[in-house]
Amino acid sequence: MRENERLRIAIQKSGRLSERSLSLFKKCGLDFDLESGKDRLFHQCLDFPIDLMLVRDDDIPKYVADGICDLGVVGENVLAEGPSEFQVLHRLGFGQCRLSLAVPEGREFKGVRDLAGKRIATSYPSCLKKYLTRHEMDAHIVILSGSVEIAPKLGIADAVCDLVSTGGTLKSNGLKEVDTLFESQAVLIRASSMAATPFRTDFEKNKDINRLLQRIKGVLQAAQSKYIMMNAPSEALSQICKIIPGMEEPSVMPLGLDGRRVAIHAVAREAIFWETIERLKEVGASSILVLPIEKVIS
């Protein structure tokens, strides 16, 4: 296979999305040659026609838009700040955060109008400007590339607009969240108009992308599903189907010759909590096993 016949996917070289992206790919059966470390730009997958490109997070959208990479894993917050249009192929369920406004703890805040004419420090000026325009108000945007949360302490801003995961960093700097601009997570993207290469047609590229997407969907769906097995009185079957969240039609097998008890096997599409198990026991279920699922292929 020629070098330029292979797909190329860009991910964060280091940071909060890097390890989770590599973990997802590993579960998808993509074995990248990473033994030489992450200092190399390209890493070849040994059993799938795709190469990994390790780059800065902010550079990923440009590489995808310019056709240097076919795919990219990036936070929605990065896409929101940039000008290019992309096709989001799948939300990946990790890297959750939010872009929020925060003010000093001791400051009274009645609403967004309290920030009119104030200085707001941020690394996301475009997102903040859209937010201010939407609320028909003016404020002075102070652009910082990092350590945004310390701006009020330094006296260079009255408020901040920054990414928040747990809120711990804001609290440690004496700040409180007052509004959320948007929620973000990692997504798999491609350019809206994917550039063709000299040796591959768009059809051939799409075929490999669809194969990868099927694997990703199978892994993510499995993470949200559980395989549950139990024994129960046959007359309790309808009640059990109502109790188990998101359950499809279960497999039911008779126990013994009289058919009074059955074994029930099913895939629950939602989490199984202790309260769910207690309700199952109340209707007569016993020997309840809840098992993780490695992959789900629809």
Roughly how far, to the nearest 0.5 Å, is [atom2] of [Y] from [atom1] of [X]?
X    : Y    : atom1 : atom2 : result
F86  : L188 : CZ    : CG    : 12.5 Å
K118 : M137 : NZ    : CE    : 10.0 Å
L175 : R107 : CG    : CZ    : 9.5 Å
L128 : S126 : CG    : OG    : 9.5 Å
L291 : I293 : CG    : CD1   : 8.5 Å
Q12  : R20  : CD    : CZ    : 12.5 Å

Checking [X] side chain against [Y] main chain: does a donor-acceptor pair fall under 3.5 Å?
X    : Y    : value
R260 : E235 : no
S23  : E19  : no
E183 : Q96  : no
R119 : G155 : yes
Q185 : G95  : no
R8   : C69  : no
E136 : T133 : no
T180 : F182 : no
S18  : G15  : no

List the steps, then state whether side-chain contact (heavy atoms from CB on, under 4.5 Å) holds for V103 with D158.
-> CA-CA 7 Å; V103 300; D158 303 294; over 6 Å; no
Validation row: [X], [Y] side chains within 4.5 angstrom (heavy atoms):
X    : Y    : answer
T122 : I141 : yes
L163 : R16  : yes
T276 : F273 : yes
L46  : L30  : no
Q239 : R279 : no
F32  : I50  : yes
I244 : M230 : yes
H140 : I120 : no

side-chain contact (heavy atoms from CB on, under 4.5 Å) between D31 and F25: does it pass, once the steps are laid out?
-> CA-CA 8 Å; D31 185 12; F25 294 149; over 6 Å; no
Is there a path of hydrophobic side-chain contacts, each under 4.5 Å between heavy atoms of I, L, V, M, F, W or Y residues, that connects [X] with [Y]?
X    : Y    : value
L24  : L7   : yes
I277 : V262 : yes
V160 : L132 : no
V187 : L181 : no
V73  : L213 : yes

Measure across [X] and [Y] and return the closest heavy-atom pair with its distance rounded to 0.1 Å.
X    : Y    : result
G75  : L17  : N-CD1, 3.6 Å
D70  : R6   : OD2-O, 4.0 Å
A268 : I272 : CB-CD1, 3.7 Å
V55  : A10  : CG2-CB, 4.2 Å
F109 : V112 : CZ-N, 3.6 Å
S123 : G146 : OG-N, 4.0 Å

Without hydrogens or angle criteria, can the side chains of R261 and S286 be said to hold a donor-acceptor pair below 3.5 Å?
->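 Note: R261 and S286 side chains meet the donor-acceptor criterion.
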Could you verify whether a donor N or O on one side chain and an acceptor N or O on the other, from R211 and N206, lie under 3.5 Å apart?
->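 There is no such pair between these side chains.
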Step-by-step side-chain contact (heavy atoms from CB on, under 4.5 Å) determination, L220 to H90 = CA-CA 10 Å; L220 296 180; H90 211 284; 3.7 Å; yes
[X] with [Y]: basic N within carboxylate O range, under 4.0 Å:
X    : Y   : answer
E76  : R91 : yes
E294 : K27 : no
K62  : D59 : no

Step by step, work out the side chain to side chain donor-acceptor pair (under 3.5 Å) result for N210 and R215.
-> CA-CA 9 Å; N210 287 334; R215 295 189 186 192; over 6 Å; no
I would like to know whether Y124 and D162 meet side chain to side chain donor-acceptor pair (under 3.5 Å); could you show each step before the answer?
-> CA-CA 7 Å; Y124 295 88; D162 200 14; over 6 Å; no
In this structure, are over 12 heavy atoms from other groups packed under 6.0 Å from D138 atom CG?
->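 Incorrect, the count does not exceed 12.
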Please lay out, stage by stage, how I156 and L144 fare under the test side-chain contact (heavy atoms from CB on, under 4.5 Å).
-> CA-CA 10 Å; I156 62 177; L144 298 178; 4.1 Å; yes
